[in-house]
Enquirer: 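Attaching a single structure in structure tokens format; questions to follow.
The figures here come from the full heavy-atom set of this structure, side chains too, leaving out hydrogens, waters and symmetry mates. Keep in mind that what you see is a predicted model, and the values were worked out from it rather than measured. Start at 1 with the first residue, then count along the sequence.
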Amino acid sequence: MLVLSLSGCSALPAESGRVETSSLSTSHIQESSESQPDAEHEQASSVQGEELDAASVIEDTAAYTVYELAFERDGMQIYGNLYLPKSEDEQYPTAIIGHGFGSSYSYMARYAAILAENGIASYVFDFCGGSPDSRSDGDSLQMSVLTEREDMEAVLEGIQAYRFVDRENIFLMGESQGGLVAALLAASRPEDVRGLALLYPALVIPDDARERYADESDIPETSQMFGTPVGRVYFTDILQMDVYDEIGNFDKNVLIVHGSNDSIVPISYSERAVEVYPSAELIVMDGAGHGFYGVDRDNAAMDIVEFLQQNTLQSTDEAIEGGGETP
């Protein structure tokens with residue numbers, strides 16, 4: 001195994017079969033000790049925010065509590081689960097996690113649990129119309145990458161109101177199509193997103209659409225994608241999209257984890273993304289395909305934990321107390 005890392009990540013176990021390449025900058029994680037919050041931020045921080053409803057607890061473990069928590073977008077309910085660590089902290093870095101095409105929040109629950117076990121609050125949710133198994137409202141015939149970006153944006157805006165959220169340390173995370181969605185949202189809301197963690201992001205989707213249809217007039221009203229019916233909007237929304245132009249202006253740190261044997265999203269798309277982003281790191285899971293399971297999944301989760309911890313801004317008081325440096 002070859003490890004090329006500029007990010008300060010710890011060495012990987014030899015049996016993991018992972019290769020790291022990196023252009024990750026450390027400049028983005030050493031900025032809080034010299035900055036002072038403005039009056040608007042101080043006012044926002046003083047707001048107690050929303051409380052969680054004890055009746056919504058659906059799981060309680062030694063390390064975290066899982067709450068059922070919903071948000072709304074255009075009159076539609078977005079269903080999800082919040083994994084909140086158990087500690088004396090009042091606020092936590094928080095990750096918003098999006099699932100892939102045709103999947104659901106439950107596939108990402110293991111990642112959410114591992115993050116919570118390591119002191120990071122996480123919210124996994126179903127996109128509206130995201131799959132036949134979705135517990136959110138909506139129909140797959142009205143779903144597209146851009147409607148899912150609106151879903152994740154509604155979650156981002158909604159979760160900021162909760163008192164457990166450290167608003168300076170909100171991260172976006174997603175797998176496959178959810179990774180593309182997270183990348184698009186981060187680029188459009190960089191002031192609200194501390195960092196970005198992507199699992200085999202489906203940056204290939206616009207190219208796939210153009211291979212199917214040369215022109216919008218060729219797109220039928222309904223079609224099938226991996227056995228899931230989609231409407232015309234699924235393709236019209238991304239047919240003309242230059243995905244790298246869309247995502248490339250996100251200038252904070254990005255972590256991408258991708259399998260070397262991914263036949264759905266070729267790893268070349270993530271390799272190009274690392275070149276496009278100003279500050280990004282790619283970890284390659286040798287032999288893994290599209291979707292991680294077992295040891296690969298847990299290794300990827302711990303890579304993400306380390307990335308989020310390294311990129312979490314400390315408060316001004318904590319930075320001064322610790323000598324003015326963040327992890």
Enquirer: Salt-bridged, Lys86 to Glu117, with N to O below 4.0 Å?
Expert: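 No.
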Enquirer: For the CG atom of Asp192 and the CD atom of Glu168, what is their distance to the nearest 0.5 Å?
Expert: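 Atom-to-atom, Asp192:CG and Glu168:CD are 9.5 Å apart.
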Enquirer: Is there a side-chain contact between Leu199 and Met108, using heavy atoms and a 4.5 Å cut-off?
Expert: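 Counting from C-beta outward, Leu199 and Met108 do come under 4.5 Å.
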Enquirer: Is it the case that one hydrophobic cluster holds both Leu141 and Tyr213, taking links as side-chain heavy atoms less than 4.5 Å apart, direct or via other members?
Expert: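 Different hydrophobic clusters.
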Enquirer: Minimum heavy-atom separation for Tyr162 and Leu52, please, with both atom names.
Expert: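 In this case the closest contact between Tyr162 and Leu52 is CE2-CD2, 3.7 Å.
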Enquirer: If only atom types and distance count, is the side chain of Ser122 paired as donor or acceptor with the main-chain N or O of Ala112 below 3.5 Å?
Expert: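 Yes.
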Enquirer: Should the pair Asp151-Arg73 be classified as a salt bridge under the 4.0 Å nitrogen-to-oxygen rule?
Expert: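 Looking at Arg73 together with Asp151, the answer is yes, because their closest N to O distance falls below 4.0 Å.
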Enquirer: Does atom CD of Glu90 have more than 12 heavy-atom neighbours, drawn from other residues, nucleotides or ligands, at distances under 6.0 Å?
Expert: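 Incorrect, the count does not exceed 12.
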Enquirer: Is there a side-chain contact between Phe171 and Thr94 (heavy atoms, below 4.5 Å)?
Expert: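 No, side chains not in contact.
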Enquirer: Looking only at heavy atoms, which two atoms of Phe235 and Ser223 are closest? And how far apart?
Expert: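 So the two residues come closest at CE1-OG, 3.3 Å.
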Enquirer: Given the rule in the side-chain contact (heavy atoms from CB on, under 4.5 Å) test, do Arg110 and Asp298 qualify, once you have shown the distances and angles that lead to the verdict?
Expert: CA-CA 8 Å; Arg110 177 61 179 165; Asp298 289 353; 3.2 Å; yes
Enquirer: Can any side-chain N or O of Asp126 pair as donor or acceptor with the backbone N or O of Arg135 at less than 3.5 Å?
Expert: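 Answer holds: yes.
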Enquirer: Report yes if the side chains of Val155 and Glu157 come closer than 4.5 Å at any heavy-atom pair, otherwise no.
Expert: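 With C-beta onward as the side chain, the pair stays apart.
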Enquirer: Identify whether the distance between the nearest side-chain nitrogen and carboxylate oxygen of Arg163 and Glu50 falls below 4.0 Å.
Expert: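 No, no charged N to carboxylate O under 4.0 Å.
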Enquirer: Should Val57 and Val66 be marked as a side-chain contact (heavy atoms from CB on, under 4.5 Å) after you check the CA-CA gap, both sets of side-chain angles, and the distance that decides it?
Expert: CA-CA 6 Å; Val57 173; Val66 183; over 6 Å; no
Enquirer: Could you tell me whether the side chains of Ser87 and Tyr92 share a donor-acceptor contact shorter than 3.5 Å?
Expert: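 The criterion, which ignores hydrogens and geometry beyond distance, is satisfied for Tyr92 and Ser87.
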Enquirer: Quick one: pull up CD1 in Ile97 and CE in Met152 and give me the separation to the nearest 0.5 Å.
Expert: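 Going from the CD1 atom of Ile97 to the CE atom of Met152 covers 9.0 Å.
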Enquirer: Would you confirm whether the ring centroid of Tyr67 sits within less than 6.0 angstrom of the ring centroid of Tyr123?
Expert: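 No, too far apart.
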Enquirer: Take Leu156 and Arg189 through the test side-chain contact (heavy atoms from CB on, under 4.5 Å) and record every step on the way to the result.
Expert: CA-CA 10 Å; Leu156 173 63; Arg189 298 287 294 265; 4.3 Å; yes
Enquirer: Out of curiosity, Ser103 OG to Phe101 CZ, how far, rounded to the nearest 0.5 Å?
Expert: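 Spacing of OG (Ser103) from CZ (Phe101) equals 11.0 Å.
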Enquirer: Do you see a donor-acceptor pair shorter than 3.5 Å between the side chains of Asp215 and Ser217?
Expert: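 Ser217 and Asp215 do have a side-chain donor-acceptor pair below 3.5 Å.
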Enquirer: Please check if any side-chain donor atom of Ser144 sits under 3.5 Å from a side-chain acceptor atom of Asp237, or the reverse.
Expert: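 Per modelled atom types, Ser144 and Asp237 side chains form a pair under 3.5 Å.
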Enquirer: How about Thr65 and Asp60: does a side-chain donor come under 3.5 Å of a side-chain acceptor?
Expert: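 Per modelled atom types, Thr65 and Asp60 side chains form a pair under 3.5 Å.
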Enquirer: How about Ile256 and Glu281: do any of their side-chain heavy atoms sit closer than 4.5 Å?
Expert: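 Heavy-atom side-chain distance check fails, nothing below 4.5 Å.
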Enquirer: Please report the shortest heavy-atom distance between Ser134 and Gly129, naming the atom on each side.
Expert: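 Of all heavy-atom pairs spanning Ser134 and Gly129, the closest is OG-N, 4.4 Å.
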Enquirer: Write down the atom of Val257, the atom of Phe292, and the distance for their closest heavy-atom approach.
Expert: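 Closest heavy-atom pair between Val257 and Phe292: CG1-CE1, 3.6 Å.
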Enquirer: Contact between Leu115 and Val305 at the side-chain level, heavy atoms closer than 4.5 Å - yes or no?
Expert: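 With C-beta onward as the side chain, the pair touches.
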Enquirer: Side chains of Asp137 and Tyr79 only: does a donor on one sit below 3.5 Å from an acceptor on the other?
Expert: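 Side chains of Asp137 and Tyr79: no pair found under 3.5 Å.
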Enquirer: Do side-chain atoms of Asp262 reach the backbone of Val265 as a donor and acceptor pair under 3.5 angstrom?
Expert: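 Present.
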Enquirer: Give a yes or no on whether Met225 and Leu180 share a hydrophobic cluster (residues Ile, Leu, Val, Met, Phe, Trp, Tyr; joining criterion: side-chain heavy atoms under 4.5 Å apart).
Expert: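 Linked within one cluster.
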Enquirer: Quick one: closest heavy-atom pair of Ala95 and Ile120, and the distance?
Expert: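 Minimum heavy-atom separation between Ala95 and Ile120: N-CG2, 4.3 Å.
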Enquirer: I want to check something: taking the side chain as every heavy atom from C-beta on, are Arg210 and Asp207 in contact at a cut-off of under 4.5 Å?
Expert: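 The answer is yes; the side chains approach within 4.5 Å.
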Enquirer: Is the side chain of Ser188 donor-acceptor paired with the backbone N or O of Leu185 at a distance under 3.5 Å, no angle test?
Expert: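 Here the side-chain-to-backbone pair exists.
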Enquirer: Considering only heavy atoms from C-beta outward, does the side chain of Ile170 approach that of Val165 to under 4.5 Å?
Expert: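 Yes, at least one pair of side-chain atoms sits under 4.5 Å.
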Enquirer: Taking Tyr269's backbone N and O only, do any of them form a donor-acceptor pair with Tyr244's side chain (distance below 3.5 Å, no angle check)?
Expert: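 Yes, Tyr244 side chain to Tyr269 backbone: donor-acceptor pair under 3.5 Å.
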Enquirer: Do Leu239 and Leu184 sit in one hydrophobic cluster, given that two such residues count as connected whenever their side-chain heavy atoms are within less than 4.5 Å of each other, even indirectly?
Expert: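 Same hydrophobic cluster.
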Enquirer: Are Arg194 and Asp166 ion-paired here, with the side-chain N under 4.0 Å from a carboxylate O?
Expert: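 The answer is no: the pair does not qualify as a salt bridge.
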Enquirer: Any chance you could measure Met76, atom CE, to Thr147, atom OG1, to the nearest 0.5 Å?
Expert: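 One gets 7.0 Å once the value is rounded to the nearest 0.5 Å.
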Enquirer: Within this structure, what is the CZ-CD distance for the pair Arg167 and Gln91, rounded to the nearest 0.5 Å?
Expert: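 If I round to the nearest 0.5 Å, the distance is 6.5 Å.
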Enquirer: Rounded to the nearest 0.5 Å, how far apart are CD1 of Ile114 and CZ of Arg297?
Expert: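 Those atoms lie 7.0 Å apart.
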Enquirer: Can you check whether Pro132 reaches Ser140 side chain to side chain, under 4.5 Å on heavy atoms?
Expert: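 In short, these two side chains do not touch, never coming nearer than 4.5 Å.
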Enquirer: Is Phe226 reachable from Met143 through a run of I, L, V, M, F, W or Y residues, each pair having side-chain heavy atoms under 4.5 Å apart?
Expert: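 Yes; Phe226 is reachable from Met143 via cluster members.
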Enquirer: Go through Glu59 and Tyr64 one step at a time and tell me if the side-chain contact (heavy atoms from CB on, under 4.5 Å) criterion holds.
Expert: CA-CA 8 Å; Glu59 184 181 355; Tyr64 57 81; 4.0 Å; yes
Enquirer: Could you report the tightest heavy-atom contact between Tyr234 and Ile205, atom names first, then the distance?
Expert: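 Here Tyr234 and Ile205 meet closest at OH-CD1, 3.9 Å.
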Enquirer: Tell me whether Lys252 contacts the main-chain N or O of Leu196 through its side chain, where contact means a donor paired with an acceptor under 3.5 Å.
Expert: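 Not at all, since once roles are kept as given, no pair shorter than 3.5 Å links the two residues.
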Enquirer: Taking ring-ring contact (aromatic ring centres under 6.0 Å, His included) as the criterion, tell me which of Tyr111, Phe127, Tyr107, Tyr105 meets it with His99.
Expert: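 Of Tyr111, Phe127, Tyr107, Tyr105, ring-ring contact (aromatic ring centres under 6.0 Å, His included) with His99 is met by Phe127 alone.
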Enquirer: More than 12 heavy atoms of other residues, nucleotides or ligands under 6.0 Å from CD of Glu191: yes or no?
Expert: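 Yes - once you tally the heavy atoms of other residues, nucleotides and ligands closer than 6.0 Å, there are more than 12.
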Enquirer: Taking Val233 as the starting point, is it possible to reach Val230 by hopping between hydrophobic residues whose side chains are less than 4.5 Å apart?
Expert: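 Different hydrophobic clusters.
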Enquirer: Go through it in stages, so that I can follow the logic: the residues are His290 and Ser263, the test is side chain to side chain donor-acceptor pair (under 3.5 Å), and I'd like the CA-CA distance, side-chain angles, deciding distance and then a yes or no.
Expert: CA-CA 7 Å; His290 194 73; Ser263 61; over 6 Å; no
